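Let me begin by presenting the structure, written as structure tokens, before commenting on it.
Predicted, not measured: the structure shown is a model, and the values here were computed from it. Note: hydrogens, waters and symmetry copies are ignored here, and every other heavy atom, side chains too, is used. For reference, positions follow the sequence shown, starting with 1.
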Amino acid sequence: QVQLVESGGGLVQAGGSLRLSCAASGSFFRINTMAWYRQPPGKQRELVATITSGGSTNYYVDSVKGRFTISRDNAKNTVYLQMNSLKPEDTAVYYCNAAIRVTAWSNNSNYWGQGTQVTVSS
């Protein structure tokens, strides 16, 4: 059973920083692309950033470019999201996502974390 567990959310003032972590556990062959999504109150979930297994950063949504950094530690099966210069509009539930091959013969399966709340006060 593969699980993604996020941590690091909380309440922060505008201009502050938070670092989110997401660790994968269980039995699997390989973790491929990992990503962070967020869902603001009353809005749809949106993709924030992605990173490949080799560490290449594929994508940042325009609203976080220059402020957020995605990274990963493959030895720890963990992806991070460093969030600086936070704004009230960054308030959302942040979700970790990973494409994981459970066995060497299987295709990627999509896994989600449970979400962690980030609240930025003005």
Side-chain angles (χ1 to χ4, degrees):
Q1 183 83 9
V2 178
Q3 284 190 315
L4 300 179
V5 179
E6 298 123 336
S7 60
L11 174 64
V12 64
Q13 288 188 331
S17 298
L18 284 174
R19 189 193 195 205
L20 305 183
S21 300
C22 171
S25 63
S27 178
F28 48 84
F29 174 70
R30 177 180 294 166
I31 304 175
N32 291 310
T33 297
M34 303 185 82
W36 287 97
Y37 286 73
R38 66 184 181 185
Q39 187 165 15
K43 297 185 179 181
Q44 290 188 327
R45 192 175 297 189
E46 69 170 350
L47 177 62
V48 175
T50 67
I51 187 166
T52 63
S53 58
S56 299
T57 304
N58 299 119
Y59 174 83
Y60 286 108
V61 67
D62 285 346
S63 58
V64 308
K65 286 180 180 177
R67 300 188 297 121
F68 289 12
T69 302
I70 188 171
S71 62
R72 65 191 285 170
D73 183 337
N74 289 335
K76 296 181 179 180
N77 297 320
T78 299
V79 63
Y80 305 96
L81 186 68
Q82 178 66 45
M83 305 185 293
N84 298 329
S85 302
L86 282 161
K87 304 176 181 179
E89 51 263 43
D90 294 319
T91 294
V93 178
Y94 284 71
Y95 296 92
C96 171
N97 173 271
I100 297 176
R101 290 175 64 185
V102 176
T103 71
W105 306 274
S106 61
N107 295 324
N108 283 332
S109 295
N110 204 29
Y111 291 87
W112 291 92
Q114 81 284 359
T116 186
Q117 177 70 46
V118 171
T119 302
V120 185
S121 63
S122 57

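- Of the possible polar contacts, one joining the E6 side chain to the G115 backbone as a donor-acceptor pair under 3.5 Å is found.
- Legend: salt bridge (Lys or Arg N to Asp or Glu O under 4.0 Å) pairs involving residues 68-79, not counting sequence neighbours: none detected.
- Interatomic distance, CG of N77 versus OG of S25, reported as 9.0 Å (0.5 Å rounding).
- Judged as a side chain to side chain donor-acceptor pair (under 3.5 Å), the pairs with a partner in residues 26-37 (not counting sequence neighbours) are, in order, N32-N108.
- Contacts of T103 classified as side chain to side chain contact (heavy atoms under 4.5 Å, CB included), with partners at least two apart in sequence or in another chain: W105, S106.
- Residues forming a salt bridge (charged side-chain N to carboxylate O under 4.0 Å, His left out) with E46 (at least two apart in sequence, or on another chain): R38.
- Residue T78 holds its OG1 atom at 8.0 Å from CD1 of I31, rounded to the nearest 0.5 Å.
- Here R67 pairs with D90 under the side chain to side chain donor-acceptor pair (under 3.5 Å) rule; sequence neighbours left out.
- Note: the hydrophobic cluster containing Y59 also contains V79 (ILVMFWY, side chain heavy atoms under 4.5 Å, direct or indirect links).
- In terms of heavy-atom proximity, A35 sits nearest to T50 at CB-CG2, 3.8 Å.
- Looking at every heavy atom in both residues, A24 comes nearest to L4 through CB-CD2, 3.5 Å.
- Partners of Q39 under the side chain to side chain donor-acceptor pair (under 3.5 Å) rule, at least two apart in sequence or in another chain, do not exist in this structure.
- Applying the salt bridge (Lys or Arg N to Asp or Glu O under 4.0 Å) test to every pair with at least one member in residues 56-65, sequence neighbours left out, gives these pairs: D62-K65.
- Residues V61 and L47 fail the side-chain proximity criterion, which asks for heavy atoms closer than 4.5 Å.
- Partners of K43 by salt bridge (charged side-chain N to carboxylate O under 4.0 Å, His left out), not counting sequence neighbours: none found.
- For residues 71-99, the set of pairs meeting the ring pair (Phe, Tyr, Trp, His ring centres under 6.0 Å) definition, not counting sequence neighbours, is empty.
- Scored by the side chain to side chain contact (heavy atoms under 4.5 Å, CB included) test, T119 finds L11, T91, Q117 as partners (sequence neighbours excluded).
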All N/O donor-acceptor pairs, side-chain side in residues 14-23, below 3.5 Å, sequence neighbours left out:
residue	atom	partner	partner atom	Å
S17	OG	N84	OD1	2.9

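- For the side chain to side chain contact (heavy atoms under 4.5 Å, CB included) test, residues two or more places apart in sequence or in another chain that qualify with N110 are N97, W112.
- Taken to the nearest 0.5 Å, the CZ atom of R101 stands 10.5 Å off from the OG atom of S109.
- No side-chain heavy atom of F29 sits under 4.5 Å from any side-chain heavy atom of I100.
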